[in-house]
Amino acid sequence: VSSLIGGAAPAGSAIALYNNPSPTYADKVHATIELLKAAAIEHNGKVVQATSLGVEDMIVTDLIARYRLPIAIGTLETGMLNPETASLIGTIETHYADMGIHVEVYKPVQEAVIEFVQKNGEKAMYESIDLRKACCGVRKLEPLSRMLAERSAWITGLRREQSNNRGDMAAREQDDKGRAKFNPMIDWTWGDVWHYVSVNHVPYNPLHDQFMPSIGCAPCTRAIAVGEDFRAGRWWWEDEKAKECGLHVHKN
């Protein structure tokens with residue numbers, strides 16, 4: 001867990017670097033809370049936050065816990081997460097223990113993983129886009145389908161600022177199965193994100209302090225350089241337009 005929970009932000013930390021709220025920060029927080037409340041009411045007992053355990057999702061989880069909203073929280077443990085990322089599952093449950101927060105964990109089918117690796121190798125994701133997407137299919141998409149199987153809606157931490165592919169996403173959408181999809185942080189800036197974390201002492205992945213704004217599986221995530229897009233560290237060997245795993249396919 002980042003060392004800055006409950007204390008001052010160390011120099012060089014993501015909070016120290018990026019805490020810079022926009023003029024409409026308070027309005028965005030209010031709109032996010034209202035959308036989460038609406039999701040809980042409209043899809044009573046059938047809505048889940050699908051958290052990637054990134055900082056945006058940690059804020060959504062914090063709001064769900066803070067306002068005691070009846071929204072389930074689920075995540076995908078792909079078997080290839082960095083230890084810092086995987087440990088956040090326990091951190092969430094400990095940090096919000098008084099609020100009764102439990103994280104549903106969905107893992108890939110072990111036999112399918114073994115078969116994929118035996119057939120394509122440990123580094124298949126680097127060989128072609130098709131193989132990388134197949135790996136995502138086994139480790140992420142299939143477990144996500146189980147998470148969403150009995151749900152009519154899900155919630156993400158997507159922001160338009162994250163990539164060109166997400167630039168025209170809306171706060172409310174439908175996924176390819178007709179489920180409601182809520183993106184309550186869609187308008188937040190990177191400065192808004194870190195201001196909220198700082199003010200509310202939200203636990204976050206310490207890899208964010210190492211210039212990793214977007215964190216996925218360990219083999220597919222690297223730090224970014226100054227001036228690079230937020231998702232430049234994801235599947236950096238691929239064309240920018242291909243940089244989605246399939247969880248958030250968006251059609252214009």
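Residue numbers start at 1 and run along the sequence shown. What you see is a predicted model, and the numbers here were worked out from it, not measured in a lab.
Atom CH2 of Trp194 sits about 12.5 Å away from atom CH2 of Trp188, to the nearest 0.5 Å. To the nearest 0.5 Å, atom OG of residue Ser214 and atom CD1 of residue Ile224 are 9.0 Å apart. Rounding to the nearest 0.5 Å places CD1 of Ile215 at 4.0 Å from NE2 of His208. Annotation: the span from Glu34 atom CD to Thr32 atom OG1 amounts to 10.0 Å, rounded to 0.5 Å. Atom CG of Asn120 and atom OG of Ser128 lie 8.5 Å apart (nearest 0.5 Å). The line from CG of Asn44 to OG of Ser152 is 9.5 Å long, rounded to the nearest 0.5 Å.
Under the side chain to side chain contact (heavy atoms under 4.5 Å, CB included) criterion, Asp27 pairs with Thr24, sequence neighbours left out. Contacts of Ala97 classified as side chain to side chain contact (heavy atoms under 4.5 Å, CB included), with partners at least two apart in sequence or in another chain: none. Tyr126 is linked by a ring-ring contact (aromatic ring centres under 6.0 Å, His included) to Trp237, counting only residues two or more places apart in sequence or in another chain.
With a 4.5 Å cut-off on side-chain heavy atoms, Val193 and Met185 count as touching. A heavy-atom distance below 4.5 Å is not found between the side chains of Ile155 and Val48. Between Ile92 and Pro203, the closest side-chain pair of non-hydrogen atoms is not below 4.5 Å. Side-chain atoms of Met125 and Cys135, non-hydrogen and from C-beta on, do get closer than 4.5 Å to each other. Using a 4.5 Å heavy-atom cutoff, the side chains of Met169 and Leu158 are in contact. Between Arg139 and Leu76, the closest side-chain pair of non-hydrogen atoms is not below 4.5 Å. Side-chain atoms of Asp192 and His195, non-hydrogen and from C-beta on, never get closer than 4.5 Å to each other. Between Leu148 and Lys177 the shortest side-chain heavy-atom distance does not fall below 4.5 Å.
Glu238 has a carboxylate O that lies under 4.0 Å from a charged side-chain N of Arg132, or vice versa, which qualifies the two as a salt bridge. Remark: Glu42 engages Arg172 in a salt bridge, criterion side-chain N to carboxylate O under 4.0 Å. No salt bridge links Lys119 with Glu115; every basic N to acidic carboxylate O contact stays at or beyond 4.0 Å.
Nearest heavy atom pair, residue Glu142 against residue Val109, reads OE1-CG2, 3.7 Å. Scanning both residues, Glu173 and Ala170, for their nearest heavy atoms gives OE2-N, 3.3 Å. For the residue pair Lys181 and Thr156, the shortest heavy atom distance occurs at CE-CG2, 3.5 Å. Taking every heavy atom of both residues into account, Ala50 and Leu144 meet most closely at CB-CD1, 4.3 Å. Among all heavy-atom pairs drawn from Asn19 and Pro21, the shortest one is OD1-CD, 3.8 Å. Residue Val103 comes nearest to Glu93 through the heavy atom pair N-OE2, 2.8 Å, listed as atom of the first residue, atom of the second, then distance.
Met212 and Leu17 are not part of a single hydrophobic cluster, where members link through side-chain heavy atoms under 4.5 Å apart. Hydrophobic clustering (side-chain heavy atoms under 4.5 Å, transitive across Ile, Leu, Val, Met, Phe, Trp, Tyr) groups Val105 together with Ile71. Val117 is not connected to Leu141 by any chain of hydrophobic side-chain contacts under 4.5 Å among Ile, Leu, Val, Met, Phe, Trp and Tyr, and they are in different clusters. No single ILVMFWY cluster, assembled from side-chain heavy atoms under 4.5 Å apart, contains both Ile15 and Val199.
With hydrogens and angles disregarded, no donor-acceptor distance shorter than 3.5 Å links the side chain of Asn200 to the backbone of Val202. The main-chain N or O of Leu81 is never found under 3.5 Å from a side-chain atom of Thr85 such that the two would form a donor-acceptor pair. Not a single donor-acceptor pair under 3.5 Å links the side chain of Thr221 to the backbone N or O of Ala218. Side chain of Arg151 to main chain of Ala72: no donor-acceptor pair is present (N/O by atom type, distance under 3.5 Å, no hydrogens or angles).
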Practice task
Apply the test side chain to side chain donor-acceptor pair (under 3.5 Å) to residues Lys28 and Ser22: give CA-CA distance (whole Å), side-chain angles for both, the deciding distance (0.1 Å), then the verdict.
Solution key: CA-CA 9 Å; Lys28 292 173 188 173; Ser22 64; 2.9 Å; yes
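Under the side-chain hydrogen bond (donor to acceptor under 3.5 Å, both in side chains) criterion, no residue pair touches residues 68-82, with sequence neighbours excluded. The ring-ring contact (aromatic ring centres under 6.0 Å, His included) analysis of residues 31-50, with sequence neighbours excluded, yields the pairs His43-Phe182.
A side-chain donor-acceptor contact under 3.5 Å links Trp154 and Asp175.
The aromatic rings of Trp190 and Tyr18 are tilted relative to each other, their planes meeting at an angle between 30° and 60°.
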For residues 51-65, which side-chain N or O atoms pair as donor and acceptor with protein atoms under 3.5 Å away, sequence neighbours left out?
unit_1 : atom_1 : unit_2 : atom_2 : d
Thr51  : OG1    : Leu53  : N      : 2.9
Ser52  : OG     : Gly54  : N      : 3.3
Ser52  : OG     : Asp57  : OD2    : 2.8
Glu56  : OE2    : Arg159 : NE     : 2.9
Glu56  : OE2    : Arg159 : NH2    : 3.1
Glu56  : OE2    : Gln162 : NE2    : 3.2
Asp57  : OD1    : Gln49  : NE2    : 3.4
Asp57  : OD1    : Gly157 : N      : 3.2
Asp57  : OD2    : Ser52  : N      : 3.0
Thr61  : OG1    : Gln49  : OE1    : 2.7
Thr61  : OG1    : Gln49  : NE2    : 3.4
Thr61  : OG1    : Asp57  : O      : 3.1
Asp62  : OD1    : Arg66  : NH2    : 3.4
Asp62  : OD1    : Tyr96  : OH     : 2.7
Asp62  : OD2    : Arg66  : NE     : 3.0
Asp62  : OD2    : Arg66  : NH2    : 3.0
Asp62  : OD2    : Tyr196 : OH     : 2.6

